[in-house]
Every structure is written in C-alpha cells, then in structure tokens.
Amino acid sequence: EMEAAVWTRCGFMVVGFMASAVLYYVGKRQLWGEGASSFVAKAFADIIAIVVFFGFVCTFTANVLTTYHLSGTEEQRMFWMAFESFFFFMVLVHLCSLSPHSVMPVFLCLVVIICTLGYVGILTSESDLMLECAGSSVFLLMMHLIAKMWDPRRANVEHKSICEEHERVSELLDSMLPREVLSEMKSGHLSLAYNYKDMTMLFADIVGFTRYCAEHTAEQAVNLVTKLFAEFDEQVLKLGVYKVCTIGDAYVAVNEPRTEVLDKFSECAHVLEMAIYMLQTINRVRDEVNHTGLDMRIGLHIGRFVGGVIGTKRLRFDIWGEDVLIGNNVESHGRPGEIAVSNSAKEVLEACVGDLQYTFNEEIKLKTGRVVRTYICRPSNGESFAERLLQ
C-alpha cells in the first residue's frame with residue numbers, strides 16, 4: 001500500500017508536469033494568435049481545473065492507502081489529509097475567479113470539499129476537526145472573494161482603463177471637430193452654426209482612380225485610397241490644417257476653423273504646403289503601384305463659409321456657402337498634377353509666398369452671375385511641384 005501510494009503521487013507529478021508544458025505551449029500560441037480556435041482554447045480553464053482535480057484524486061487516494069501506516073493519532077492524520085485537500089481547493093477557487101463563466105472549476109471545487117469533509121467525518125470520532133474543516137472552507141472562500149472584489153489595485157486598474165478610454169474618445173473628437181467647436185461642445189455652449197471668413201479651402205481629387213479600379217481588384221483600390229489618405233491625415237496634423245471630409249476619392253481640407261482668423265497669410269501658406277505634399281505623394285505612389293494614369297488635381301480658394309456640427313449619433317463638421325462651391329469648381333476646372341488657385345487665393349499667396357508664378361487657366365461663371373478667374377500655380381523656375389523631393 002505504501003509503494004502504491006508513492007507511485008500514485010509520482011505518477012501525478014509526471015502527468016502534471018507534462019500537462020503543464022502542453023497547456024503552456026497551447027496558451028502561448030493562442031495569446032499571440034498563432035493557434036487556430038479549438039476546443040482547448042475555449043475550455044482552457046476547464047482543462048486546467050481537471051488537471052488540478054486529478055492531482056487531488058491522486059493525493060487523496062495515496063492518503064487513504066497510507067492512513068493506517070503513518071505515525072500519529074487519527075486526528076493528526078486526518079488533519080494533514082485536510083491540509084493537502086485545501087491546497088487543491090484554493091487552486092480551484094482561484095480558477096473560478098479567472099474564468100467566472102466556466103462551470104467545471106466550481107463543480108470540482110464542490111467535489112473536493114464534499115470528499116474531504118465526508119471522509120474526515122466518517123473516520124473521525126470527534127466532530128471538532130470536521131467543523132474546523134467546514135469553517136476553514138468558508139473562511140478561505142470569503143477571504144478570496146474579499147481579495148478579489150475589494151482589492152484596491154482592481155479600482156486602480158479600472159480607473160486607468162476609464163482614463164485611457166476617455167483619452168481615446170477625446171482624440172477621436174479632436175480629429176473630427178475643430179478645436180474651437182470642440183471646446184464649446186465640452187462646455188455645453190455649442191452653437192447651431194458658425195460664420196468663418198478668410199478661410200483657405202483645399203479641394204483635391206485623384207485623377208485616373210476610376211481606371212485604376214477597373215484594372216485592379218476592389219481590395220487593391222481600397223488599400224490604395226486608405227494608405228494615401230492616411231499619409232494625408234498625418235501631414236494635416238503636422239501642418240495644423242483641418243480635414244473636413246473625404247468623399248470617394250476626393251479630399252477636402254481648410255485651415256483650422258476659427259471665428260477670428262489669426263493670420264490668413266501663414267495659414268494659406270500651410271494649406272499650399274499641404275497641396276504640394278499631396279502632389280509629391282501621389283507622384284511617389286504612382287511609381288510604387290506602377291500605374292501611370294494616377295495623379296492629383298488640386299484647387300485652392302479663399303473665401304467665407306458657414307460651418308456647423310451635423311448629426312446626433314455620428315457627428316460631422318460640414319461647411320456650406322458659395323465660396324465652397326467656387327473652391328470645388330476651381331479644382332474640377334484644374335489640371336492633373338497641378339495646383340489651380342482662384343484670384344483671391346492668388347492675391348494672398350503673392351503676399352506671403354515668394355518664388356511662385358501664376359499662369360491664367362480659365363474663367364468660371366457661376367449661376368449667380370459671379371465670375372472667378374483661376375490660375376495654375378507653379379514654382380518660379382517652371383518645374384513641377386511633384387518633382388520636388390519629399391520634405
């Protein structure tokens with residue numbers, strides 16, 4: 001019996017170590033997304049609970065086999081049996097907290113308690129040890145629950161998680177709304193509409209994108225626009241320009257909307273720098289995807305517009321006005337690979353940016369009767385903006 005008990009314990013140690021190694025390998029692969037979803041992944045806590053319970057069974061069996069071969073009183077032998085059982089009990093309780101939706105650890109935990117109390121109660125003439133085991137079970141369970149539910153570190157983790165979520169929401173709102181509008185929204189004084197003047201508007205469109213879509217897969221087309229606009233978004237943040245929206249393959253941006261423009265000359269220069277960056281980027285991307293038809297047609301215009309936040313579930317800052325229509329027309333009447341500017345934009349750029357030359361493009365006649373003269377803006381040496389090196 002003593003030899004059988006020793007072999008039982010040794011057998012569990014070998015099986016336990018092997019199971020631990022396998023579970024560690026499987027868990028590590030699942031953690032890094034290398035392993036496919038399987039039964040082992042879904043029942044991970046249950047499998048660990050079964051391995052732990054198997055250890056309890058082996059230990060309990062070994063103790064039963066050697067009960068009458070160990071020195072000491074009956075109560076002392078029962079005490080050490082209960083002590084070992086409580087070790088497995090605490091491990092299973094911990095697994096219950098790690099996997100609250102799993103039934104197996106709870107069931108096995110109850111089996112351990114019932115087996116231990118039953119065996120101690122049957123073989124012990126005195127009821128003190130059994131009461132002590134029952135009381136200890138309740139005490140250990142309560143201490144574990146208190147440590148789990150009222151641990152100050154849990155509150156700190158939850159607070160940190162809430163703060164991180166708040167920061168993500170703030171960053172999302174910062175990218176969606178102008179700073180001035182966002183500040184009023186947070187203070188609860190959001191206006192229905194805002195009037196802006198001396199605003200530089202940028203309208204850009206990808207030339208040849210329709211043909212690219214026809215010659216490539218949908219995934220390749222979406223991937224192209226996503227990467228291209230992602231680069232534009234990063235540059236917008238660097239320059240302090242505000243992206244209004246993207247519609248299909250069109251990109252609309254303005255200088256940071258403020259009811260009182262601080263310096264229309266410097267902000268116009270930043271928008272021009274954004275336009276130059278777009279031409280340089282599409283020139284590089286065109287070579288990377290080996291599609292010669294890709295290009296950008298860009299239009300700049302300075303004027304006034306009305307802006308406001310629309311939507312309740314999905315917020316969006318949009319702009320309206322005659323000058324918005326003019327800016328769109330300046331772009332659509334422009335040339336691929338060039339920057340077209342209206343007369344108002346030309347006057348501001350001449351005052352703040354040197355080394356530029358302007359070639360008359362055409363006149364745009366609006367339905368209101370207003371006529372807008374447009375020009376092609378290029379460096380004074382005649383080279384194309386797209387040929388400059390990326391900054």
Side-chain angles (χ1 to χ4, degrees), residues 164-206 209-210 213 218 221-262 264 267-268 270-271 273-275 277-278 281-282 296-332 342 345:
E164 290 176 350
E165 183 67 22
H166 179 73
E167 289 180 359
R168 285 194 292 269
V169 172
S170 296
E171 290 177 358
L172 180 61
L173 286 174
D174 288 342
S175 63
M176 293 173 59
L177 302 176
R179 299 190 194 97
E180 194 175 88
V181 175
L182 181 60
S183 177
E184 292 194 6
M185 173 180 283
K186 290 180 178 180
S187 63
H189 299 91
L190 183 65
S191 299
L192 181 63
Y194 299 86
N195 290 301
Y196 299 98
K197 61 181 181 179
D198 295 329
M199 298 296 295
T200 304
M201 291 161 271
L202 180 152
F203 289 82
D205 186 62
I206 303 177
F209 184 69
T210 302
C213 293
V222 173
N223 186 55
L224 172 67
V225 176
T226 300
K227 289 186 176 181
L228 192 63
F229 284 0
E231 292 194 34
F232 293 167
D233 291 346
E234 291 181 5
Q235 188 67 11
V236 157
L237 294 176
K238 293 178 182 178
L239 297 175
V241 178
Y242 177 74
K243 181 182 82 169
V244 178
C245 65
T246 57
I247 305 175
D249 59 345
Y251 196 98
V252 183
V254 298
N255 58 293
E256 181 64 30
R258 300 184 184 89
T259 51
E260 294 293 336
V261 177
L262 301 178
K264 69 175 182 180
E267 297 197 0
C268 181
H270 288 157
V271 177
E273 188 175 348
M274 181 67 203
Y277 177 84
M278 286 179 162
T281 304
I282 195 65
M296 295 290 293
R297 184 174 56 241
I298 301 175
L300 300 184
H301 174 62
I302 293 180
R304 60 175 67 237
F305 57 73
V306 175
V309 178
I310 59 175
T312 54
K313 299 298 183 181
R314 296 184 178 181
L315 301 180
R316 175 185 169 186
F317 182 82
D318 211 343
I319 58 177
W320 306 272
E322 185 182 43
D323 284 309
V324 176
L325 178 61
I326 293 173
N328 188 23
N329 282 322
V330 170
E331 176 270 314
S332 60
S342 65

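Hydrogens, waters and symmetry mates are skipped; everything else that's a heavy atom, side chains included, is used. None of the values given here were measured: they were computed from a predicted structure.
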Residue pair [X] / [Y], side-chain heavy-atom distance below 4.5 Å:
X: Leu228; Y: Tyr251; value: no
X: Val254; Y: Val271; value: no
X: Ile302; Y: Cys268; value: yes
X: Val330; Y: Leu300; value: no
X: Met199; Y: Lys264; value: no
X: Lys243; Y: Val252; value: no
X: Ile319; Y: Val306; value: no
X: Asp205; Y: Phe203; value: no

Any donor-acceptor pair under 3.5 Å linking the side chain of [X] with the backbone of [Y]?
X: Asp323; Y: Arg304; answer: yes
X: Asn255; Y: Thr200; answer: yes
X: Thr226; Y: Val222; answer: yes
X: Arg297; Y: Glu331; answer: yes

Point to revise | Thr259: side-chain hydrogen bond (donor to acceptor under 3.5 Å, both in side chains) partners, not counting sequence neighbours | key: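 Partners of Thr259 under the side-chain hydrogen bond (donor to acceptor under 3.5 Å, both in side chains) test: Glu180.
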
Practice item. Could you give me the CA-CA distance, side-chain angles and deciding distance for Lys197 and Phe305, then say whether side-chain contact (heavy atoms from CB on, under 4.5 Å) is met? Key: CA-CA 7 Å; Lys197 61 181 181 179; Phe305 57 73; over 6 Å; no

Exercise for review: Quick one: do Leu239 and Tyr277 satisfy side-chain contact (heavy atoms from CB on, under 4.5 Å)? Show the steps, please.
Suggested key: CA-CA 11 Å; Leu239 297 175; Tyr277 177 84; 5.7 Å; no

Check your understanding: How long is the gap from CE on Met296 to CG on Asp249, to the nearest 0.5 Å?
Key ->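 Rounded to the nearest 0.5 Å, the CE-CG separation comes to 8.5 Å.
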
Check your understanding: Judged by modelled atom types alone, do Tyr194 and Glu184 share a side-chain donor-acceptor pair under 3.5 Å?
Key ->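 On atom types as modelled, these side chains qualify, holding a pair under 3.5 Å.
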
Exercise for review: Would you sort out whether Glu256 and Val241 count as a side-chain contact (heavy atoms from CB on, under 4.5 Å), showing the intermediate values?
Suggested key: CA-CA 5 Å; Glu256 181 64 30; Val241 178; over 6 Å; no

Point to revise | Phe229 and Ile206: CA distance, side-chain angles, deciding distance, side-chain contact (heavy atoms from CB on, under 4.5 Å) verdict | key: CA-CA 11 Å; Phe229 284 0; Ile206 303 177; 4.1 Å; yes

